[in-house]
There are 2 protein chains.
Amino acid sequence: MTVTLADVAARARVSPATVSRVLNGNYPVAASTRERVLRAVDELDYVLNGPASSLAAATSDLVGILVNDIADPFFGIMAGAAQTEIGGQEGTGRAGGEKLAVVCNTGGSPERELTYLTLLQRQRAAAVVLTGGAIEDPAHIAAMSSKLTKLADAGTQVVLCGRPPLPGSDAIVASLAFDNRGGGRRLTEHLIALGHRRIGYVAGPVERTTTRHRLEGHRAALVGGGLAGEGDTAEQERLTVHGSYDRRSGYDATLELLRREPSLTAVVAANDTVALGACAALRDRGLRIPEDISVAGFDDLPFSIDVVPSLTTVRLPLFEAGARAGRLAMGNETPPPGGIATIPAELMVRGSTAPPRA
Amino acid sequence: MTVTLADVAARARVSPATVSRVLNGNYPVAASTRERVLRAVDELDYVLNGPASSLAAATSDLVGILVNDIADPFFGIMAGAAQTEIGGQEGTGRAGGEKLAVVCNTGGSPERELTYLTLLQRQRAAAVVLTGGAIEDPAHIAAMSSKLTKLADAGTQVVLCGRPPLPGSDAIVASLAFDNRGGGRRLTEHLIALGHRRIGYVAGPVERTTTRHRLEGHRAALVGGGLAGEGDTAEQERLTVHGSYDRRSGYDATLELLRREPSLTAVVAANDTVALGACAALRDRGLRIPEDISVAGFDDLPFSIDVVPSLTTVRLPLFEAGARAGRLAMGNETPPPGGIATIPAELMVRGSTAPPRA
DNA sequence: CTGTTAGCGCCTTCAC
DNA sequence: GTGAAGGCGCTAACAG
């Protein structure tokens, strides 16, 4: 019924081993033989049996890319770039030694993250790329650290992209972390320089590295600008509302901030999507941006330049980072010293921020 | 080195066959035995060897979801929904009989689409979901049809989501097609009803079903409204510019339309992202939306309600469609009659369209 | 450069 | 309800 290597070998009048060698291309084979084999492959319409191949070779061509939210371009851009580096190059037409780069959507759930890693471990994945912020729950960190170490020990290349290094797992190829703290700090410094003094912050979900780092940067700027004392947490908490990384959360949190402090002159959002929600809430309250109140985001997603007014934000080189992670996973780039690289974040000043009303 | 089924069997003092039966749960096993086996699995930290398992059973737990552009929420929403239905349910903690739902990014390239299908075929994927518009090149249609038939024959469930049925492959489980034609038609009828007479159209890439159907709907409305004769193609072509489904294309195409016809009173875009680019171009030309010119999109992506003015568009139930495709792929939903369902598109009138200036 | 020989780790009839 | 044995299709040493 289904065509096997042996069938191809018989038709090409060679041994199965030779067919295997031709297909994998890692071995010298006479041109004429190769020719004959490839013809037989085409004639019989042979497709390699992946599982059998992986079993015998003890490796597979599967590469997993984990994302927190596949509907969020933040992840889509990184994943797409990584996938291009991993699976896009060859194109023999017959699907030769290509990797199968696939993205897995955890939905931000720690359980699903671990489940996906187990599934990939089960498939003996060649590499795994973890994108986006990590969850900071100690139990989950321990579980992840242990799981990733096992994966690495089994020969899977593990790369972190947009995620800080995981304590305890040094078997990881590399960790590319965004400078969320620095970006957050420069963003709020920009607002302070404009003259803002009452700045609300719409934070992401608690227990995520991304959330914490951006917030830390924000507060460092506050302290640096003399707007808050080192230990002045009560007031800082009052002007911070946590939510998820979506529009709705930005909308609701902004209304809450306004309730807590009606004289706010600026709102900083955890990311651009949240900023969009914040803008909508402010408009619904009859406030003009930036005349009455300034708004800023983070990430510089493609739409940020198109909204009106265009969004002041912090640009993260998502595509470049994803591509680099892909190359690292494939061993096509030497890891940074210590396996850790910090990727700079650039402040983009646009129309949504302006000096506060006098 | 690596723990195998036999190791677990030895520790649990049973035969490998019994362990296999416990793990797959498709066979009666005494509760006490099962208990013992599961304990041994945990103690040894055993992870099933996927390739070996797939080889022996001649099936795998891999499910592929193909998308044209992973950075586009249009696909992200559908893929995320499908993935939830496919891989999200169980959660035994030990990763039991779960499917590995993965998304593959073709980048809109026909070659990569076929390559991914071959790769999934090679893995003996349990199911494949193809999302989004198809390419209409005859050679590619033939290749796809042949490939999908082979996949289906090999036992892979094939589902189309947001893609019209493929002629020649009836082995496909189901095809969920969006009513792009109807949606496009209603959208343009809305503009005509408002009084618009000179309407530009920013189309998607040629040779894509989505592009063609939406454009056909648009032109049907034009003809129905008496704005164009049946065969009046020259004028229709003049007011149509093709591009890709991204913001940049919307920007450029809109400038081109304005060049061809400065007295345009409305621009219809192939999708919301393109509409965003169109808006930017119009603003850069000093035109106000909707006072000077109306703009409409398609898809109703989440951001569409947040842009200013909010975008008139056509809502597609992306999440529901993706979820349904996922269930169909898993055999958890009975296919529609004939394997074909048309999913309705709903006109959403918002702030970006208004009557033309008098 | 090419053929031969063993498994890779698991599932699945068949017996018991 | 459980064990024993064969084979899934391929690759990786070895020879030659």
Side-chain angles (χ1 to χ4, degrees), chain A residues 1-38 40-41 44-62 95-97 119 121-124 126 154-155, chain B residues 1-38 40-41 44-62 95-97 119 121-124 126 154-155:
Chain A
M1 183 62 219
T2 137
V3 183
T4 74
L5 236 204
D7 299 329
V8 177
R11 197 179 220 301
R13 316 193 122 271
V14 294
S15 74
T18 299
V19 178
S20 171
R21 294 196 262 253
V22 169
L23 261 28
N24 294 313
N26 314 323
Y27 235 77
V29 174
S32 64
T33 312
R34 182 206 319 289
E35 184 76 12
R36 208 141 33 90
V37 169
L38 289 180
V41 166
L44 295 175
D45 211 16
Y46 169 70
V47 175
L48 183 70
N49 184 317
S53 167
S54 296
L55 173 58
T59 60
S60 95
D61 53 5
L62 194 71
L119 254 16
Q121 180 183 15
R122 183 185 282 188
Q123 301 294 336
R124 307 301 189 249
Chain B
M1 185 61 218
T2 134
V3 182
T4 74
L5 237 205
D7 298 329
V8 176
R11 198 179 219 299
R13 317 193 120 271
V14 294
S15 74
T18 300
V19 178
S20 171
R21 295 197 260 252
V22 170
L23 260 28
N24 293 314
N26 314 324
Y27 235 78
V29 174
S32 64
T33 312
R34 182 206 318 288
E35 185 77 11
R36 211 142 31 91
V37 168
L38 289 180
V41 166
L44 294 175
D45 212 15
Y46 169 70
V47 175
L48 182 70
N49 184 316
S53 168
S54 296
L55 173 58
T59 61
S60 94
D61 53 4
L62 194 71
L119 253 15
Q121 180 182 15
R122 183 185 284 189
Q123 300 295 334
R124 306 301 189 249

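All chains are named by letter (A, B, ...) in the order of the sequence lines, taking the proteins before the strands, and each is independently numbered beginning at 1. Only heavy atoms go into these numbers, but all of them, side chains included; no hydrogens, no water, no symmetry mates.
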**Student:** From CG of L23(A) over to P of dA12(D), roughly how many Å is that when rounded to an integer?
**Tutor:** 13 Å

**Student:** Who pairs with S54(A) by side chain to side chain contact (heavy atoms under 4.5 Å, CB included), at least two apart in sequence or on another chain?
**Tutor:** S60(A), P51(B)

**Student:** From CG of N26(A) over to P of dT11(D), roughly how many Å is that when rounded to an integer?
**Tutor:** 10 Å

**Student:** Got a sec, which pairs hit side chain to side chain donor-acceptor pair (under 3.5 Å) with one end in residues 24-34 of chain A, sequence neighbours left out?
**Tutor:** S20(A)-N24(A)

**Student:** Tell me, please, which residues at least two apart from T59(B) pass side chain to side chain donor-acceptor pair (under 3.5 Å).
**Tutor:** none

**Student:** Please tell me if S20(B) has a side-chain N or O lying less than 4.0 Å from either OP1 or OP2 of dC10(C).
**Tutor:** no

**Student:** Go through the structure and list residues passing side chain to side chain contact (heavy atoms under 4.5 Å, CB included) with A56(A), not counting sequence neighbours.
**Tutor:** none

**Student:** Without decimals, in angstroms, what is the distance between E35(A) CD and dC1(C) C1'?
**Tutor:** 17 Å

**Student:** Could you work out, with side chain to side chain donor-acceptor pair (under 3.5 Å) as the rule, every residue matching R11(A), not counting sequence neighbours?
**Tutor:** E43(A)

**Student:** Under the criterion side chain to side chain contact (heavy atoms under 4.5 Å, CB included), I'd like the reasoning laid out for L23(B) against V41(B): C-alpha separation, chi angles, the key distance, then a yes or no.
**Tutor:** CA-CA 9 Å; L23(B) 260 28; V41(B) 166; 4.2 Å; yes

**Student:** Counting primed atoms plus P, OP1 and OP2 as sugar-phosphate and everything else as base, spell out the protein contacts along nucleotides 1-9 of chain D at 4.0 Å heavy-atom distance: B, S or - for each nucleotide, 5' to 3'.
**Tutor:** SBBB---BB

